[in-house]
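Note that ligands are numbered from 1 as they come in the structure, with each ligand's atoms numbered from 1 the same way.
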Amino acid sequence: MRNTITTHINGRDITLSDVPPDRMALDWMRAEGLTSVKEGCGEGDCGACTIALGIPAGDHLEWRAVASCLLFLPMLDGRAVLSAEGLASPAGTPHPVQQAMAERSGTQCGFCSPGITMSLFALSRRTERDEESVLDALAGNLCRCTGYRPILEAAGTLPLSVPTESETALAGRLAGLSATPLFYSYGGRSYYAPTDLAEALAYRAAHPEAWVIAGGTDMGLAITKRDQHPDSVLSLARVGELTRLTRHAGGLTIGAAVPYTDILAAVRDRNPALARLLRRVGATQIRNQGTFGGNLGTASPIGDSLPALIALGATIDLVAPDGVRSVAAETFVTGYRQTRLAPDELVGAVHLPDPPPGARFYAYKIAKRQDQDISTLSASFLISVENGMVTGFTAAFGGAADRPIRARSLEKALMGRPWTLDSIREAGAALADDISPRSDVRGSARYRTELASGLLARLWHETRTAGGIPATLDMV
Ligand SMILES: Cc1cc2nc3c(=O)[nH]c(=O)nc-3n(C[C@H](O)[C@H](O)[C@H](O)COP(=O)(O)OP(=O)(O)OC[C@H]3O[C@@H](n4cnc5c(N)ncnc54)[C@H](O)[C@@H]3O)c2cc1C
Ligand code: FES
Ligand code: FES
């Protein structure tokens with residue numbers, strides 16, 4: 001067990017033993033003079049604080065853009081870190097990403113530029129780049145003055161950055177560190193990052209007051225926005241069993257601490273509609289950290305994962321020191337911000353089935369913006385139609401009640417009916433029995449009710465083939 005934070009920042013090994021564990025990486029880096037890392041919002045929204053985190057992956061580092069304002073300092077342990085200060089060569093030659101930003105006039109006041117440059121650096125490590133991945137890379141970075149055209153042009157000219165020999169050696173060293181548990185404490189506060197599930201569960205049982213974090217994108221806000229400070233933190237981010245994603249015939253088993261970025265890559269071919277939905281969770285920086293376990297742990301009525309998991313018939317493993325129980329996704333949240341988790345339990349994994357043959361999955365998220373915004377309302381549907389009749393239909397909504405819900409009355413009203421707009425209109429009345437939306441800053445109850453019916457109609461329109469009403473829906 002190690003008790004110091006060991007990291008490698010901008011080419012230098014750093015060991016820390018005298019900083020509180022609930023200090024955010026942003027604050028610490030700025031205090032150390034790395035002032036290219038800017039603070040804009042302090043809540044993961046603007047990208048000004050973006051740094052690149054190098055995660056050991058075999059013979060290289062996988063560089064990911066993350067929001068340092070939501071990164072607990074011990075999350076740097078076993079990782080390499082790059083900020084804009086570390087991009088240029090030791091002789092001072094600008095990195096190709098910096099060069100591209102300068103040549104294309106991608107900066108004016110410059111406040112956003114270091115964060116954007118780090119997002120572009122992470123992008124420059126990717127061999128496969130298309131327009132969508134470029135837009136994705138920049139969606140979490142706000143620029144108030146340049147306008148995005150020159151920045152996108154800079155992104156379009158980036159050469160591929162390749163790992164160097166020294167990076168390979170560093171990756172090996174950091175992998176060794178990451179495989180060892182960390183128990184770091186300073187100033188009466190502690191941070192425990194075990195690598196083994198049994199140890200995580202034993203700690204949770206012995207320290208029920210400890211904050212549990214995975215990506216920390218939600219819990220980080222409690223520090224930066226609500227000024228709360230935990231005495232102890234249990235990090236699940238490197239627990240082997242929780243960070244595993246397994247593919248098998250019929251679906252995926254996704255460890256609770258697997259970041260969205262990896263989930264997205266795994267579902268892209270198997271379930272493109274789910275991939276499109278997950279692509280709309282936060283922006284790249286949030287998806288590089290955030291997890292299903294954290295999304296379920298918040299039990300938010302507008303969390304994006306649960307409606308999709310319900311419609312797809314997923315099950316969720318709840319793990320405790322004395323064993324595992326599996327619950328249907330639709331029963332996991334029991335009330336406003338309430339779950340079935342017992343005090344000594346953690347979410348272990350999500351078993352995500354592929355849509356069965358003949359069924360099609362559709363997922364919609366209505367928010368004020370395309371990227372980096374939480375849902376006003378979301379809906380997920382799994383539907384089968386044979387000979388023009390509905391033979392299978394599962395519907396789930398987020399933002400339509402005090403918790404994500406399965407719309408059983410709607411399902412009943414559509415099952416066995418012809419798949420026509422008339423059936424949709426009639427069944428839409430049953431939806432009123434399922435949903436009870438609230439009014440809040442994102443939308444009134446009435447608006448949400450209209451949206452729910454509207455999404456049902458949209459589903460019908462989207463299932464139509466060129467020839468009109470489909471006899472059978474083929475899987476896409
Ligand atoms: C800028 C920004 C944009 C966002 N956009 C979206 C969005 O579009 N859609 C959306 O749904 N959410 C969004 N979120 C919210 C958040 O990112 C997600 O809910 C994410 O999935 C949380 O995962 P995490 O691992 O970071 O959670 P953490 O912050 O680590 O944890 C969140 C909660 O879950 C608990 N928890 C974590 N792991 C487990 C586990 N294995 N077992 C039991 N409890 C656990 C924690 O104790 C805590 O209560 C956004 C957040 C930010 C800051
Ligand atoms: S300061 Fe805005 S995302 Fe971190
Ligand atoms: S150059 Fe001013 S915010 Fe982007």
Name the closest protein heavy atom to [atom], giving the residue it belongs to and the distance to 0.1 Å.
atom	value
atom 9 (N) of ligand 1	Asp304 OD2, 2.7 Å
atom 22 (C) of ligand 1	Thr217 OG1, 3.4 Å
atom 27 (O) of ligand 1	Gly294 CA, 3.3 Å
atom 36 (N) of ligand 1	Gly293 O, 3.8 Å
atom 19 (O) of ligand 1	Asn295 ND2, 2.8 Å
atom 3 (S) of ligand 3	Arg144 N, 3.2 Å
atom 6 (C) of ligand 1	Ile374 CG2, 3.5 Å
atom 35 (C) of ligand 1	Gly297 CA, 3.8 Å

Item to check | Contact partition for Asp45 relative to ligand 2, non-hydrogen atoms under 4.0 Å | outcome: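 The answer is the backbone.
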
Any N/O of [X] closer than 3.5 Å to an N/O of ligand 1?
X	value
Met219	yes
Leu70	no
Gly303	no
Gly215	yes
Gln372	no
Thr291	yes
Gln289	no
Val347	yes
Val212	yes
Leu236	no

Checklist entry - Between Leu242 and ligand 1, which residue portion shows a heavy-atom distance shorter than 4.0 Å: side chain, backbone, both, or neither? => result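 None of Leu242 does.
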
Next on the checklist: Just to be sure I read this right, does ligand 1 sit under 4.0 Å from the backbone of Asp218, its side chain, both, or neither, counting only heavy atoms?
Outcome noted: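 For Asp218, backbone and side-chain atoms both sit under 4.0 Å from ligand 1.
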
Next on the checklist: Just checking Tyr192 against Tyr203, ring centres under 6.0 Å apart?
Outcome noted: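 Ring centroids of Tyr192 and Tyr203 are less than 6.0 Å from each other.
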
Item to check | Leu87 and Met118, any side-chain heavy atoms less than 4.5 Å apart | outcome: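 Yes; the side chains approach each other to less than 4.5 Å.
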
Heavy atom of [X], distance to ligand 1 below 4.0 Å:
X	value
Glu345	no
Lys365	yes
Tyr260	yes
Leu296	no

Checklist entry - Counting only heavy atoms not in Glu131, do more than 12 fall under 6.0 Å of its CD? => result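 12 or below, so no.
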
Next on the checklist: Within ligand 3, which atoms have a heavy atom of Cys145 less than 4.0 Å away?
Outcome noted: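 In order of numbering, the contacting atoms are 1 (S), 2 (Fe), 3 (S).
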
Item to check | Subset of ligand 3 atoms that lie under 4.0 Å from at least one heavy atom of Cys109 | outcome: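 By the 4.0 Å cutoff, the relevant atoms are 1 (S), 2 (Fe), 3 (S).
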
Provide the number and element of each atom of ligand 1 under 4.0 Å from a heavy atom of [X].
X	result
Arg280	8 (O)
Ala256	41 (N)
Ile213	30 (O)
Leu341	43 (C)

Checklist entry - Of all heavy-atom pairs between Leu73 and Leu16, which one has the smallest distance, and what is that distance? => result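 So the two residues come closest at CD2-CD1, 3.9 Å.
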
Per-atom contacts of ligand 2 with [X], taking only distances under 4.0 Å to non-hydrogen atoms:
X	value
Cys49	1 (S), 3 (S), 4 (Fe)
Cys41	1 (S), 2 (Fe), 3 (S)
Gly40	1 (S)

Next on the checklist: Under 2.8 Å from atom 2 (Fe) of ligand 2, can any N, O or S atom of Cys46 be found?
Outcome noted: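 True for Cys46.
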
Checklist entry - Got an N, O or S from Cys143 under 2.8 Å of atom 2 (Fe) of ligand 3? => result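 Looking at Cys143, which is the residue asked about, there is no N, O or S atom under 2.8 Å from atom 2 (Fe) of ligand 3.
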
Checklist entry - Given Ala48, Gly42, Gly47, which has its nearest heavy atom closest to atom 1 (S) of ligand 2? => result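 Looking at heavy atoms only, Gly42 sits closest to atom 1 (S) of ligand 2.
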
Next on the checklist: Less than 6.0 angstrom from the centroid, inside 45 degrees of the normal: does Arg438 satisfy that with respect to the ring of Tyr336?
Outcome noted: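 Judged by the rule, Arg438 and Tyr336 form a cation-pi pair.
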
